[in-house]
*Asks:* 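Quick one: the structure is below, questions incoming.
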Amino acid sequence: MTMPETQTEMAEPLIQVRDLKMHFPVTDGILVQRTVAHVKAVDGISFDIMPGETLGLVGESGCGKSTTGRCILQLEKPTDGQILFHGDDLGSMGRADLVAMRRKIQVIFQDPFSSLNPRMKIGDIIGEPLAVHGIESNSADRNKRVAELLTVCGLSPKMADRYPHEMSGGQRQRVGIARALSMKPEFIICDEAVSALDVSIQAQVINLLEDLREEFDLTYLFIAHDLSVVRHLCHRVAVMYLGKIVELAPCDELFDNPTHPYTRALLDAVPVPDPTIEAGREHRLVKGEIPSPINPPSGCVFHPRCPIALDKCAGPVPELRELRPGHFVACPEVS
Amino acid sequence: MTRLLEIEDLRVQFFTSEGIVRAVDGITYHVDAGETVAIVGESGSGKSVSALSILRLVPDPPGKIMGGKVKFNGEDLLQIDDIAIRRVRGRDIGMVFQEPMTSLNPVLSIGRQLTETLEQHLSSNKVEAHARAIELLGLVGISEPERRLKQYPHHLSGGMRQRVMIAMSLACNPKLIIADEPTTALDVTIQAQILELMKDLTRHMGVALIIITHNLGVVARYADRVNVMYAGRIVESGVAEDIYHRPRHPYTRGLLRSVPRLDQPRGERLEPIFGQPPDMTQLDDGCAFRPRCPFAVGRCEHERPDLEAVGPGHESACWQRDELDKGVAA
Ligand SMILES: Nc1ncnc2c1ncn2[C@@H]1O[C@H](COP(=O)(O)OP(=O)(O)O)[C@@H](O)[C@H]1O
Ligand SMILES: Nc1ncnc2c1ncn2[C@@H]1O[C@H](COP(=O)(O)OP(=O)(O)O)[C@@H](O)[C@H]1O
Ligand code: SF4
Ligand SMILES: [Mg+2]
Ligand SMILES: [Mg+2]
């Protein structure tokens with residue numbers, strides 16, 4: 001795969017995902033559980049993420065974005081494929097190495113409230129991983145570090161004494177970010193990290209994530225269903241549909257020249273906040289709904305909804321091919 | 001145009017352990033026959049409560065409609081008796097909510113829910129109601145309507161359920177539909193299908209639509225006129241072009257500069273509104289936006305601005321409304 005727009009003399013990717021598959025068994029039976037089918041949540045995807053890069057992973061609910069993130073975090077054991085971090089396969093690493101590596105990979109979720117312990121003070125929520133991993137075992141040092149992290153995330157150090165329910169959604173999301181940063185990670189998976197926030201607060205957190213990436217040389221996998229946010233933040237973007245990547249390209253290239261019929265349908269569906277532009281836009285609606293990932297359509301998984309599908313689209317599965325430098329698309333019918 | 005709905009100085013409060021929440025704090029607006037009016041604002045600004053109070057659906061207690069008028073075809077819905085308001089609900093005014101699962105009855109088939117409404121409000125007989133139910137499902141783009149009528153809400157996808165909700169809201173030929181975040185829970189391609197459907201049907205049938213949303217793109221695509229709410233009040237009101245291209249309230253302007261846009265190249269810095277929305281139990285006599293407002297002047301602290309005209313059909317509730325006229329298009 002090629003270089004992202006911002007990196008030129010890059011050495012090796014920070015993250016490499018190779019032919020990742022995650023098939024969840026669907027079981028039946030009351031006494032004896034037997035597997036009757038599989039949910040093909042992620043079905044053979046590959047991508048790299050360069051140091052300092054933000055890779056966007058977009059697509060509608062159920063397409064496999066979070067599962068991809070959970071596999072990278074080693075929260076799921078993939079059915080197949082590899083995840084390399086600094087070139088090392090996380091799946092074949094010994095426990096001690098994995099624990100050390102996992103500290104470098106952190107996650108920020110959508111709903112900060114459900115991921116924060118309601119009975120813990122904010123200071124302890126942020127300080128806990130520091131204590132558990134023996135990074136700051138002295139409590140005075142730990143408090144100092146917590147105060148620093150709160151400040152970096154735009155919160156007052158006094159917030160350390162508060163409880164999650166005493167904070168707004170935006171403040172809780174900043175706490176989630178501070179907690180992730182406490183481990184001095186290299187790589188952060190943001191899974192719908194700004195999706196639940198109101199516009200004015202969302203903009204604050206987006207700017208914070210951008211600033212932190214620059215200040216601490218972070219690399220992000222930015223999982224989101226909001227395409228406008230993704231365009232704003234990402235260097236490259238991968239579009240998923242039913243467990244597969246259908247298009248992958250540098251950010252502005254993807255949004256200016258969407259090529260896969262699904263990407264086009266997706267972008268068409270997003271309204272822009274300008275009534276004059278909207279009045280002049282043609283809206284081609286994609287028909288139908290997303291099929292079940294248990295029995296995905298044969299061939300190109302998008303073919304039943306695709307406006308340009310031909311008979312042969314139900315045949316062999318189209319591979320990603322490089323249409324222009326760095327612009328990959330899994331549809332043989334477009335150019 | 002005929003005034004279909006006229007809301008005057010509507011005030012709704014909640015009496016909670018934390019204090020009195022002035023959820024809707026004196027709002028005035030109207031909806032003409034057949035037009036689409038959007039209510040936009042951040043969560044907690046009073047959008048849903050203002051809509052629920054039109055049909056007197058605010059839970060009481062803890063909520064209470066404290067005053068104002070809701071005139072529908074000239075009649076004040078806050079004054080009519082309980083039987084009359086029940087007739088208005090579901091017949092003259094339809095509602096579509098964010099989560100159709102909570103407004104559909106889980107133990108009744110889709111068909112029964114539709115025919116029940118028809119039998120109750122239009123005194124249709126069973127045969128008429130069944131035929132009309134099939135027609136309605138066809139209208140909202142549900143294929144195989146005969147089969148669907150026998151299904152239960154949990155058999156349907158979120159998008160399908162919302163289509164059924166729309167069919168129900170349209171069942172009795174209403175004059176007005178109130179849609180509260182109708183597509184917020186849906187994926188973007190399904191959102192587009194549902195919104196196009198609502199637009200086509202309301203235009204076709206001449207039904208007016210109040211659409212409540214926090215999505216500025218949806219408003220730009222679908223609304224004729226826009227009311228921007230902040231802390232229980234309408235702070236700006238006007239046609240969509242004025243609101244987006246010539247905003248005359250600092251909050252509207254801030255919102256437009258905060259929102260990332262699909263049509264803007266990556267990396268453009270967003271200009272967030274700093275701070276957070278106010279605690280609705282602690283509102284004072286000044287402008288509620290003051291702590292976050294880059295335009296605030298001394299007066300904003302103790303005098304609350306009311307909506308005043310800044311142009312034809314364009315109103316702003318801001319002491320600095322004329323300052324904002326000076327070359328600050330968003
Ligand atoms: N633990 C699990 N067991 C079974 N199915 C799962 C599990 N986790 C996710 N899935 C299914 O995998 C698919 C992809 O889910 P997910 O990765 O959460 O999608 P996204 O984040 O894109 O919305 C969905 O159909 C979901 O229901
Ligand atoms: N049942 C209730 N009890 C107490 N407060 C409520 C209740 N419903 C709404 N509120 C309060 O009223 C205000 C307006 O709420 P709402 O109209 O739901 O906002 P929006 O729809 O704009 O997000 C909020 O401050 C909310 O907390
Ligand atoms: S009245 Fe004052 S504080 Fe309120 S929005 Fe206008 S300038 Fe800002
Ligand atoms: Mg997800
Ligand atoms: Mg609401």
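These numbers come from the heavy atoms of this one structure, side chains and all, not from hydrogens, waters or symmetry mates. Just so it is clear, the structure is predicted and the values come from calculations on it, not from any experiment. Here is the naming used below: chain letters follow the sequence lines, and residue numbers restart at 1 for every chain.
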*Asks:* Report which part of A/Arg305 has an atom under 4.5 Å of a heavy atom belonging to chain B: side chain, backbone, both, or neither.
*Replies:*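 Only the side chain of A/Arg305 comes within 4.5 Å of chain B.
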*Asks:* If you count heavy-atom pairs under 4.5 Å between each of A/Val205, A/Asp268, A/Asn207 and chain B, which one has the most?
*Replies:*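 Most heavy-atom pairs under 4.5 Å with chain B: A/Asn207.
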*Asks:* Only pairs of heavy atoms separated by less than 4.5 Å count here; which of A/Ala269, A/Gly154, A/Pro275 has the most with chain B?
*Replies:*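 The option with the most such pairs is A/Pro275.
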*Asks:* Do you know the tightest heavy-atom contact between A/Glu278 and B/Ala220?
*Replies:* CB-O, 3.9 Å
*Asks:* Check A/Leu266 against B/Thr189 and note the closest heavy-atom contact, atom names and distance.
*Replies:* CD1-CG2, 4.0 Å
*Asks:* Under 4.0 Å between a side-chain nitrogen and a carboxylate oxygen: does that hold for A/Asp274 and B/Arg221?
*Replies:* no
*Asks:* Looking at side-chain heavy atoms only, is the closest gap between B/Pro272 and A/Gln202 below 4.5 Å?
*Replies:*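 Side-chain contact under 4.5 Å: no.
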*Asks:* Considering only heavy atoms and a distance below 4.5 Å, find which of B/Arg269, B/Gln276, B/His214 pairs most often with chain A.
*Replies:* B/Arg269
*Asks:* If you round to the nearest 0.5 Å, how far is CG of A/Leu285 from CD of B/Glu196?
*Replies:*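 It comes to 5.0 Å.
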*Asks:* Could you give the distance from NE2 (A/His283) to NZ (B/Lys199), rounded to the nearest 0.5 Å?
*Replies:* 6.0 Å
*Asks:* Counting only non-hydrogen atoms closer than 4.5 Å, does B/Gln264 touch chain A with its backbone (N, CA, C, O), its side chain (CB onward), both, or neither?
*Replies:* backbone
*Asks:* Please determine whether the number of non-hydrogen atoms from other residues, nucleotides or ligands lying under 6.0 Å from atom NZ of A/Lys158 exceeds 12.
*Replies:*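 No - once you tally the heavy atoms of other residues, nucleotides and ligands closer than 6.0 Å, there are 12 at most.
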*Asks:* Using a 4.5 angstrom heavy-atom cutoff, name the option from B/Val239, B/Leu216, B/Val259, B/Asp263 with the most pairs to chain A.
*Replies:* B/Asp263
*Asks:* Most heavy-atom pairs under 4.5 angstrom with chain B, which of A/Ala265, A/Ala203, A/Ser168?
*Replies:* A/Ala203
*Asks:* Considering only heavy atoms from C-beta outward, does the side chain of A/Ile277 approach that of B/Arg261 to under 4.5 Å?
*Replies:*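 SC-SC contact between A/Ile277 and B/Arg261 confirmed.
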*Asks:* Using a cut-off of under 4.5 Å for heavy-atom pairs, which of A/Lys287, A/Gln171, A/Arg281 has the most such pairs with chain B?
*Replies:*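 Looking at each option in turn, the highest pair count goes to A/Gln171.
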*Asks:* Heavy-atom cut-off 4.5 Å, strictly under: side chain, backbone, both or neither for A/Ile206 against chain B?
*Replies:*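 Side chain only.
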*Asks:* Give a yes or no answer on whether the side chain of A/His225 reaches the backbone of B/Asp187 with a donor-acceptor pair at less than 3.5 Å.
*Replies:*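 Absent.
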*Asks:* Any idea which heavy atoms bring B/Arg266 and A/Leu233 closest together, and the distance?
*Replies:* NH2-O, 3.5 Å
*Asks:* Among B/Asn215, B/Ile243, B/Leu255, B/Ile190, single out the residue with the greatest number of heavy-atom pairs under 4.5 Å to chain A.
*Replies:*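 Of the options given, most contacts go to B/Ile190.
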*Asks:* Out of curiosity, A/Asp198 CG to B/Ser258 OG, how far, rounded to the nearest 0.5 Å?
*Replies:* 10.5 Å
*Asks:* So, the side chain of A/Gln204 versus the backbone of B/Gly275: is there a donor-acceptor pair under 3.5 Å, distance only?
*Replies:* yes
*Asks:* State, to 0.1 Å, how close B/Leu262 and A/Ser228 come at their nearest heavy-atom pair, and which atoms those are.
*Replies:* N-OG, 3.5 Å
*Asks:* Which pair of heavy atoms, one from B/Ser157 and one from A/Glu289, lies closest together, and at what distance?
*Replies:* OG-OE1, 2.5 Å
*Asks:* Nearest 0.5 Å, please: how far is CD in B/Glu42 from OG in A/Ser200?
*Replies:*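 CD of B/Glu42 is found 3.5 Å from OG of A/Ser200.
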*Asks:* Please state whether the side chain, the backbone, both or neither of A/Asp226 comes within less than 4.5 Å of a heavy atom of chain B.
*Replies:* neither
*Asks:* What part of B/Val219 gets closer than 4.5 Å to chain A, counting heavy atoms only: side chain, backbone, both or neither?
*Replies:*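 When you check distances to chain A, no heavy atom of B/Val219 falls under 4.5 Å.
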